[in-house]
Every structure is written in C-alpha cells, then in structure tokens.
Amino acid sequence: MSAKIKRVAVLTSGGDAPGMNAAIRAVVRACSFHDLECVGIFRGLQGLIEGDFKEMGPRSVKNIINRGGTLLKSARSKDFRTKEGRKVAYRNLIDAEIDALVVIGGDGTFTGANVFNDEFDFPIVGIPGTIDNDINGTDYTIGYDTALNTVVEAIDKIRDTANSHNRLFLVEVMGRDAGDIALNAGIGAGAEEILIPEENLGKERLIASLKRSKSSGKTSSIVVVAEGDQSGKNIFELAEYVRENMNEYEVKVTVLGHIQRGGSPSCFDRVLASRLGVGAIDALLEGKRDIMIGISNNKIVHVAFSEAIKGDNKIDIDLIRVADITSV
Ligand code: F6P
C-alpha cells in the first residue's frame, strides 16, 4: 500500500450517465474501507478550478445507488482546457491536501486528466462513465446498458404506433462519434435499418432496402439513426430525402435526446460502477496513476489514459451482420 495517499478527491465530469452515483458511492466507501479521507468535488473539472469541495463519508452516499444523474453534478469545463485554469485546479488540490484524484467521465474528461497528469505529475485514475460506450480498452462504460434499455423501451412504444398507422419512423439516438447505442438498441428493438457514424453506406442504399422490405410485406418500419450519422445533414433532412424518394410510407421523425441520459441505472450498470469504483481506489493504493480502470472479459483492467482516449471507436462487424440478417 502506498504510504503517500491519505486523502482522495472524486468528481464527475462531462455528460452525466446513469450509474455515476453508484460509482461515487463505491469510491467514497472504498476510501472509508481503507481508512482514507474522501472529498467530493462538485461540477466536475470546473468545480475543481472553483474550489467547490465537500468532505464525504459513507453516509454522504446513502440512497443514491438507484438514482440517475450525479450527486456531485457535472459540467463541461472550458477553463480546464487552459493552462491557467489547470494551474488553479492544481493549487486547489494542494491547498486542500488532496493526494490523489478519481475522475468519472468520458473522453473529454480523460483527455483533461491526461494533460493535467503530464503537467503536474498528480496521481489521477479515471472511471469510464458515458452512455456512448466510446472509450478504448474497456468493454463497457457506466450508463451504456441503462441507455440501451431506455432506447429499446422507447422504440417498442414507437413500434406500436408505427404499426397501427403503417408508418416509417426515423428514430435519432445519442452518439456523436459512436454507433454503439444505435447498433445494439437497433438490433434489440428490431429496427429495419441502423445508420451509424462508423459506416456511411449512403442514402440510395437506404431507400433500396426500405423499398425491398416494403414489397416483401412489411407494413411499417423503424430506422435507428445515430446522432453522428453522416447520411444526411441531420435526421430531418434525411427524412425529407426519404419522403421525396419513396411514397410507400408516411415518414415521421422522433429524436429521443436527453431522456437517454436519465433514469434509474440498470443492475448491470450498478454492479459495473461498484466494481470500477472499488478498483479505482485499489489502483491508487497500488501506486498506479494516469490510468483508466476498465473492464475486459469481465475482469478489471488498467488502461493508460493515452490508450483510452485513442478515439478510433471500433464497431463489431458481427453485430452489423446480425442486424442485416435479422431485419430482412
Ligand atoms: O457524451 C455523451 C452524450 O450524451 C453524447 O451522446 C451526446 O452527443 C452529448 O453527450 C450531448 O451533450 P450535451 O448534453 O452537453 O448536449
């Protein structure tokens, strides 16, 4: 056990994700288990710059394992992108006698943490929390499973009305750069077509496929479109293109938006968050730093921040095949 670490701070940053509370709870209670002091930092990296700190103990995190959002609140900090902002953040950590930091967030958070570690050599470990599942080196990020279930539940409802009116629905789901939500929720909800940023097959192919399935006897269709899909300028423009090129269906658009980020976390996300939170404190006590705690083949793994933020989101080709086969 590293003798140096006595006081640990924890924060959540970037887009919130269901299960972040369970991760905060696990970090705070793991600190208590190991006789470490724990400080909560509110409003993410921005709160770190503004010194928005509060002491936390096991009872500060009671009754939150089942709650969506984040008790510590979150922010996307522009100030932390500046050297000046990061200097203030470092000063605040030193003044509060904090020895190590746990950041719960996604790509942007880890990028900031990586730069901060390089500049100040301050021990930081990260826990992947984002509904997008777009972090390298971990099979799952906290919030992704809950978001998938939210999307599937919403599309099941859309299917009822689509089917009653013989309509085609284009449903936009989150994922600026990653198609994981679209692809998995699309398969789970039985979508006709799934459009993702990683694979732009073109609008003509979409029309051909929809026409083919219509003539094979389908009376309604659901197309899941990831936010970052490049087929059209946006989903409304894409809907216009479909209207102009096929008159077999009445075309409607539903943008699911931020409902995908809210709600009570699934059991999977709660367990994942608890494991990663405990793993983060274990790693700090082993003297690890500048890493993300991830999960791979159901085992806790340590991934360098530089590796985690690589950004080349890989889509499972087998899933695309399954989607193609099961949607005929
Ligand atoms: O990164 C998570 C995410 O939900 C993305 O899927 C989405 O593009 C983005 O955040 C939206 O961010 P904001 O709430 O800041 O508009």
Side-chain angles (χ1 to χ4, degrees), residues 11-21 23 42-47 68-70 72-81 103-114 126-138 140-155 170-186 188-189 194-199 224-236 238 253-266 269 272-273 276 292 294 305 308-315:
L11 61 80
T12 49
S13 174
D16 63 337
M20 278 186 165
N21 275 326
F42 285 77
R43 294 179 298 113
L45 298 169
Q46 191 60 30
T70 159
L72 291 176
K73 301 199 181 283
S74 195
R76 297 192 194 274
S77 174
K78 286 205 181 83
D79 294 341
F80 200 81
R81 294 197 192 142
V103 295
I104 306 168
D107 193 60
T109 307
F110 294 168
T111 303
N114 196 29
I127 296 177
T130 163
I131 64 164
D132 291 350
N133 206 39
D134 59 348
I135 303 292
N136 208 34
T138 186
Y140 300 104
T141 58
I142 297 168
Y144 172 60
D145 181 68
T146 306
L148 283 182
N149 285 300
T150 301
V151 171
V152 167
E153 200 184 322
I155 298 179
L170 302 184
V171 183
E172 185 186 279
V173 301
M174 275 188 169
R176 271 182 300 217
D177 308 308
D180 295 58
I181 294 180
L183 187 54
N184 284 276
I194 303 167
L195 308 182
I196 55 177
E198 294 87 346
E199 189 201 49
V224 174
V225 184
E227 202 183 356
D229 169 65
Q230 306 294 315
S231 306
K233 251 190 259 148
N234 56 50
I235 194 164
F236 296 100
L238 182 64
V253 171
T254 302
V255 177
L256 294 184
H258 286 76
I259 66 161
Q260 295 162 92
R261 288 233 298 255
S264 180
S266 65
D269 275 329
L272 175 67
L276 297 179
M292 173 192 78
F305 276 140
I309 58 180
K310 259 188 172 166
D312 50 345
N313 195 47
K314 286 183 199 70
I315 276 293

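Because only heavy atoms are used, hydrogens play no part in the values below, and waters and symmetry mates are left out as well, while side chains stay in. Note that ligands are numbered from 1 as they come in the structure, with each ligand's atoms numbered from 1 the same way.
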Solution key, residues 175-183 side-chain donor-acceptor pairs under 3.5 Å, sequence neighbours excluded:
unit_1: D180; atom_1: OD1; unit_2: N313; atom_2: ND2; d: 2.8
unit_1: D180; atom_1: OD2; unit_2: N133; atom_2: ND2; d: 3.4

Give a yes-or-no answer on whether the side chains of Y144 and N184 include a donor-acceptor pair shorter than 3.5 Å.
-> yes
Put together the list of close N/O pairs, under 3.5 Å, between ligand 1 and the protein, could you?
unit_1: ligand 1; atom_1: 1 (O); unit_2: D132; atom_2: OD2; d: 3.1
unit_1: ligand 1; atom_1: 4 (O); unit_2: R261; atom_2: NH1; d: 2.9
unit_1: ligand 1; atom_1: 6 (O); unit_2: D132; atom_2: OD1; d: 2.7
unit_1: ligand 1; atom_1: 6 (O); unit_2: D132; atom_2: OD2; d: 3.2
unit_1: ligand 1; atom_1: 6 (O); unit_2: G175; atom_2: N; d: 3.3
unit_1: ligand 1; atom_1: 8 (O); unit_2: R176; atom_2: NE; d: 3.4
unit_1: ligand 1; atom_1: 8 (O); unit_2: E227; atom_2: OE1; d: 2.8
unit_1: ligand 1; atom_1: 8 (O); unit_2: E227; atom_2: OE2; d: 3.1
unit_1: ligand 1; atom_1: 10 (O); unit_2: R76; atom_2: NH2; d: 3.0
unit_1: ligand 1; atom_1: 10 (O); unit_2: R261; atom_2: NH1; d: 3.0
unit_1: ligand 1; atom_1: 12 (O); unit_2: R76; atom_2: NH2; d: 2.9
unit_1: ligand 1; atom_1: 12 (O); unit_2: R261; atom_2: NH1; d: 3.4
unit_1: ligand 1; atom_1: 14 (O); unit_2: H258; atom_2: NE2; d: 2.8
unit_1: ligand 1; atom_1: 14 (O); unit_2: R261; atom_2: NH1; d: 3.1
unit_1: ligand 1; atom_1: 14 (O); unit_2: R261; atom_2: NH2; d: 2.9
unit_1: ligand 1; atom_1: 15 (O); unit_2: R76; atom_2: NE; d: 2.8
unit_1: ligand 1; atom_1: 15 (O); unit_2: R76; atom_2: NH2; d: 3.2

Minimum heavy-atom distance T150-G262, with the two atoms named = OG1-O, 4.4 Å
List for me each residue that meets side chain to side chain contact (heavy atoms under 4.5 Å, CB included) alongside D16, sequence neighbours excluded, and say none if there are none.
-> M20, T70, R261
Regarding D229 and S231, is there a side-chain donor-to-acceptor distance under 3.5 Å anywhere?
-> yes
Hits for side chain to side chain contact (heavy atoms under 4.5 Å, CB included) against Q230, two or more places apart or cross-chain, chain-then-number order -> N200
